[in-house]
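This is a predicted model, so every value here is computed, not measured. The sequence lines fix the lettering, A, B, ..., with proteins before strands; numbering per chain opens at 1.
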Amino acid sequence: MARFYITTPIFYVNDAPHVGHAYCTVNADAMARWYRLNGDEVKFVTGTDEHGQKVAEAAERNGLAPLAWADQTSLRFREAWNALDISYDDFIRTTEPRHQETVQKFLSKVYENGYIYKDVYRGLYCVSCEDYYTEESADELKCPIHAKPLTEMEEENWFFKLSAFEDQLRDYYDGHPDFVTPHTKRNEAYSFIKGGLKDISITRTSIKWGVPVPWDDQHVFYVWYDALVNYLTAIGYGREDDEVEKWWPHSHHLIGKEIIRFHCVWWPAMCMAAGLEPVSHVQVHGWLLVGGQKLSKTMAAEGSVRLTDIAPVQLTTEYGVDPIRYYLLRETSLGNDGDFSLEAIIARYNTDLANNLGNLVARVAAVVGSKCEGIAPSPVMDSSLRQSAETAVREASAGWNRFAPQAGLEATWNLIGDTNAYLENHAPWKMEPGEEVAVVLGDALEAIRIVAVLISPAMPSISQEIWRRIGLAGEVSDELFATRTSWGQFRGGHRIEKGEPLFPRITD
RNA sequence: GGGGCCGUAGCUCAAUGGUUAGAGCAGGGGACUCAUAAUCCCUUGGUUGUGAGUUCGAUCCUCACCGGCCCUACCA
């Protein structure tokens, strides 16, 4: 059986969940649902990153112990994911004992393999930021944020011998052309490697809020090294329930473009250092950008319209879970940046969901009501709609399989459009009740049934609701995609429910 | 400062070293009235950021410039 292991980054708990987090997580969720629908064994993991200085500071500001603060914020992420119908199989918190154990096992392995050594880190330190800057990033030795002079500081640190992996990384990239997608992002990572790699400091003595270094109790691991290892925590690396062999060869990380370096350079090198194959695939996504205006007051703090001001839960409350999922998946292609706006959400909702999909389901149900006494007819095998359906199924599959939910949904909407056109061309509402009407409506119902399957990774609830209204039993996902989407399975004879509009138009 | 990405129709985005650069939305015209005033058909609209170069031919390759953005020790 094929397997699919997909992860989101674990999210840093100094910040509340916002639309950017949701964008990444919804995409990962849809991919997980897609592969489950295809019968693959799927593991979908997300979580929260809870160590590091910023978390400790955020906790202090809020008068809490770091763990208490992390508990609180981590919960908010899980609430957000519940609101968005995220079907994660595991949720990693880096403060969990299992994670600490895996981090220590993994990095001890790297240490034993001789890729970690002790040295003095010298850097330019900004007292206000409590952070180091490189000479390159600090203009004239001043902090880029505070414009104050930086002071030379020294700290004894453990270092990871990243420089030893330049050739291996290049070879790995050469041998795995699709290691990082899209290719523009791959090239970015690759050219960074070609530019030369420096060893990196991976521990801290200045803070205590982290995973202790097992061979030196004065140090904790720098938060990124702790965090990256979560992808192995979830599959039990170094612990009794170790399932690395089973899942790691099928691993996919979905990440934002700003953390390419960590995931596409450091992380594969760390895996190599531990004697492990790198993650098999990294899918990079872009950022949602807020055009800068027209966010309603309830959505954004006055004056500042930043993506981070928009809480996912507010969006699902206002527009519904599935419409927001649809918007996030459909509006921008994964890998590029996209615009985020409420206008665009409403436009997608009204045109794609209300006018095209919702209205299609409603008009078919209505004509079945008036011409067939509400009893569903069956499709015919040589329907002209069949080819549209088969094309949509093929193209949607291709889209989902290449991490392009946008393309998968676009192909699906072609079938919706063709079905609306098919109805116009045959005008069953003008016909006398009888065989001719039955054929047209049976075909339309079959197309709707297939649409329900095709949208299920994106809009699981709506998918199931359509399934139910056209009188089908069980869950959409009870059978595999390939079985479900072959033409001619719809069997009439039962009652069709018209029901309330699936997507009431937003008229505001 | 160094490295990199992007700039295509009013808007959001596709596409390819080669016939008239595509789609959705918005705009215009028509049809229909089963349906959530939804749907269907037709249609306006681009010197593909600017300037050079390579080429028989460039939106796609090279260089420069302009504009936006990302990374450069902890924001998806």
Q: State which of B/A35, B/C40, B/C13 makes the closest approach to the side chain of A/Asn420.
A: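 Shortest atom-to-atom distance from the side chain points to B/C40.
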Q: Using the P atom in both, what is the distance from B/U16 to B/U54, to the nearest Å?
A: 26 Å
Q: Between A/Leu288 (CG) and B/C69 (C1'), how many Å, whole number?
A: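 About 15 Å, once rounded to whole Å.
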Q: Heavy atoms only, 4.0 Å cut-off, all strands: where does A/Ser333 land among base, sugar-phosphate and nothing?
A: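 If one applies the 4.0 Å heavy-atom cut-off, A/Ser333 turns out to touch the sugar-phosphate alone, with no base involved.
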Q: Taking atom C1' in both B/C56 and B/A15, compute the distance separating them and give it to the nearest angstrom.
A: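 23 Å, rounded to whole Å.
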Q: Go nucleotide by nucleotide along RNA chain B from the 5' end; which of A/Asn356 and A/Glu188 gets its closest nucleotide reached first?
A: A/Glu188
Q: A/His281 and A/Phe179: ring-ring contact (aromatic ring centres under 6.0 Å, His included), yes or no, with the steps?
A: CA-CA 5 Å; A/His281 171 221; A/Phe179 173 50; 8.2 Å; no
Q: Quickly work out the A/His285 NE2 to B/C13 C1' distance and round it to whole Å.
A: 19 Å
Q: Under 4.0 Å between a side-chain N/O of A/Asn27 and OP1 or OP2 of B/A76, yes or no?
A: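 No, outside the criterion.
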Q: Scan A/Glu331 against the nucleic acid and name what it touches under 4.0 Å (heavy atoms): base, sugar-phosphate only, or nothing.
A: sugar-phosphate
Q: A/His51 and side-chain contact (heavy atoms from CB on, under 4.5 Å): which partner among A/Asp226, A/Val103, A/Val13?
A: A/Asp226
Q: Let's test this: given Watson-Crick or G-U wobble pairing with both distances under 3.5 Å, identify the partner of B/C5.
A: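 With both distances under 3.5 Å, B/C5 matches B/G68.
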Q: Please confirm whether the ring centroid of A/His252 lies under 6.0 Å from the ring centroid of A/Tyr5.
A: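 No, the ring centres sit 6.0 Å or more apart.
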Q: Write down the partner of B/C32 under the Watson-Crick or G-U wobble criteria, each distance required to be under 3.5 Å.
A: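 Across any shown strand, B/C32 pairs with none.
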Q: Whom does B/A23 pair with, Watson-Crick or G-U wobble, provided both distances fall under 3.5 Å?
A: B/U12
Q: Could you check whether A/Trp224 and the base of B/C74 form a stacked pair, meaning centres closer than 5.5 Å and planes differing by less than 30°?
A: no
Q: By a 5.5 angstrom centroid cut-off and a 30 degree plane limit, is there stacking between A/Tyr23 and B/A76?
A: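 Not stacked by the 5.5 Å and 30° rule.
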Q: Considering only the P atoms, how many Å lie between B/U44 and B/C25, rounded to the nearest integer?
A: 16 Å
Q: Quick check for you: among B/G3, B/A35, B/U36, whose closest atom lies nearest to any side-chain atom of A/Phe503?
A: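 Among B/G3, B/A35, B/U36, the one nearest the side chain of A/Phe503 is B/U36.
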Q: Where the side chain of A/Lys185 is defined as all heavy atoms beyond and including C-beta, which of B/U36, B/C13, B/C5 is the nearest nucleotide?
A: B/C5
Q: What distance, rounded to whole Å, do you find between the two P atoms, one in B/G29 and one in B/C66?
A: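 Approximately 45 Å lies between the P atom of B/G29 and that of B/C66.
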Q: Ring centroids only, cut at 6.0 angstrom: are A/Tyr231 and A/His263 within range, meaning strictly under it?
A: yes
Q: At under 4.0 Å between heavy atoms, what does A/Gly195 touch on the DNA or RNA strands: base, sugar-phosphate, or nothing?
A: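 Answer is nothing: A/Gly195 stays at 4.0 Å or more from every strand.
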Q: What contact category does A/Tyr12 fall into here, base, sugar-phosphate, or nothing, at under 4.0 angstrom with non-hydrogen atoms?
A: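 Base contact - A/Tyr12 has a heavy atom under 4.0 Å of at least one base atom.
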Q: In the structure shown, which nucleotide is the Watson-Crick or G-U wobble counterpart of B/U55, with both distances under 3.5 Å?
A: none
Q: Rounded to whole angstrom, note down the P distance from B/U36 over to B/C75.
A: 49 Å
Q: Verify whether one side chain among A/Asn157 and A/Tyr222 offers a donor that lies under 3.5 Å from an acceptor in the other.
A: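 Checked: A/Asn157/A/Tyr222 side chains show no N/O donor-acceptor pair below 3.5 Å.
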Q: Looking for any heavy atom pair under 4.0 Å, which part of the strands does A/Ala366 touch: base, sugar-phosphate only, or nothing?
A: sugar-phosphate
Q: Provide the distance between the two C1' atoms, one in B/G30 and one in B/G18, to the nearest whole Å.
A: 38 Å
Q: P atom, B/U43 versus B/G51: distance in rounded Å?
A: 32 Å
Q: Verify the neighbour count for atom CD of A/Glu497: are there more than 12 heavy atoms of other residues, nucleotides or ligands below 6.0 Å?
A: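 Count over threshold, so yes.
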Q: Looking across every strand, which nucleic acid part, if any, lies under 4.0 Å from A/Leu423 by heavy atom: base, sugar-phosphate, or nothing?
A: nothing
Q: Can you tell me the base-pairing partner of B/C75? Count Watson-Crick or G-U wobble geometry only, both distances below 3.5 Å, and say none if there is no partner.
A: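 Because no pair has both required distances under 3.5 Å, B/C75 counts as unpaired.
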Q: How many whole angstroms separate atom NE2 of A/His263 from atom P of B/C75?
A: 12 Å
Q: Reading RNA chain B from 5' onward, which residue's closest nucleotide shows up sooner: A/Asn355 or A/Gly286?
A: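 Counting from the 5' end, the first nearest nucleotide belongs to A/Asn355.
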Q: Can you check the distance between B/U20 and B/U59, where both ends of the measurement are the P atom (answer in whole Å)?
A: 12 Å
Q: Step through it carefully: locate the ring centre of A/Tyr115, locate the ring centre of A/Phe165, and say whether they are under 6.0 Å apart.
A: yes
Q: So which nucleotide from B/U36, B/A76, B/U39 ends up closest to the side chain of A/Glu424?
A: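 Of the candidates, B/U39 comes closest.
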Q: Can you tell me if A/Arg348 touches the phosphate of B/C25, counting only side-chain N or O atoms and a distance under 4.0 Å to OP1 or OP2?
A: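 Answer no for this pair, as no side-chain N or O of A/Arg348 is under 4.0 Å from OP1 or OP2.
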Q: Classify A/Gly417 by what it touches in the nucleic acid, base, sugar-phosphate, or nothing, heavy-atom distance under 4.0 Å.
A: sugar-phosphate
Q: Give one of base, sugar-phosphate or nothing for A/Ala421, where a contact means two heavy atoms less than 4.0 Å apart.
A: sugar-phosphate
Q: Strictly below 4.0 Å: does A/Lys498 bring a side-chain N or O up to OP1 or OP2 of B/U36?
A: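 So the side-chain polar atoms of A/Lys498 do come within 4.0 Å of the phosphate oxygens OP1 or OP2 of B/U36, strictly under.
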Q: Using a 4.0 Å heavy-atom cut-off, does A/Asp337 contact any base of the nucleic acid, only the sugar-phosphate backbone, or nothing at all?
A: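 The residue A/Asp337 makes sugar-phosphate contact but no base contact.
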Q: What does A/Phe11 touch in the nucleic acid at a heavy-atom separation under 4.0 angstrom: a base, only the sugar-phosphate, or nothing?
A: sugar-phosphate
Q: Do the rings of A/Tyr173 and A/Tyr190 sit parallel, tilted or perpendicular, given the 30° and 60° boundaries?
A: tilted
Q: How is A/Leu502 classified with respect to the nucleic acid when contacts are heavy atoms under 4.0 Å: base, sugar-phosphate, or nothing?
A: base
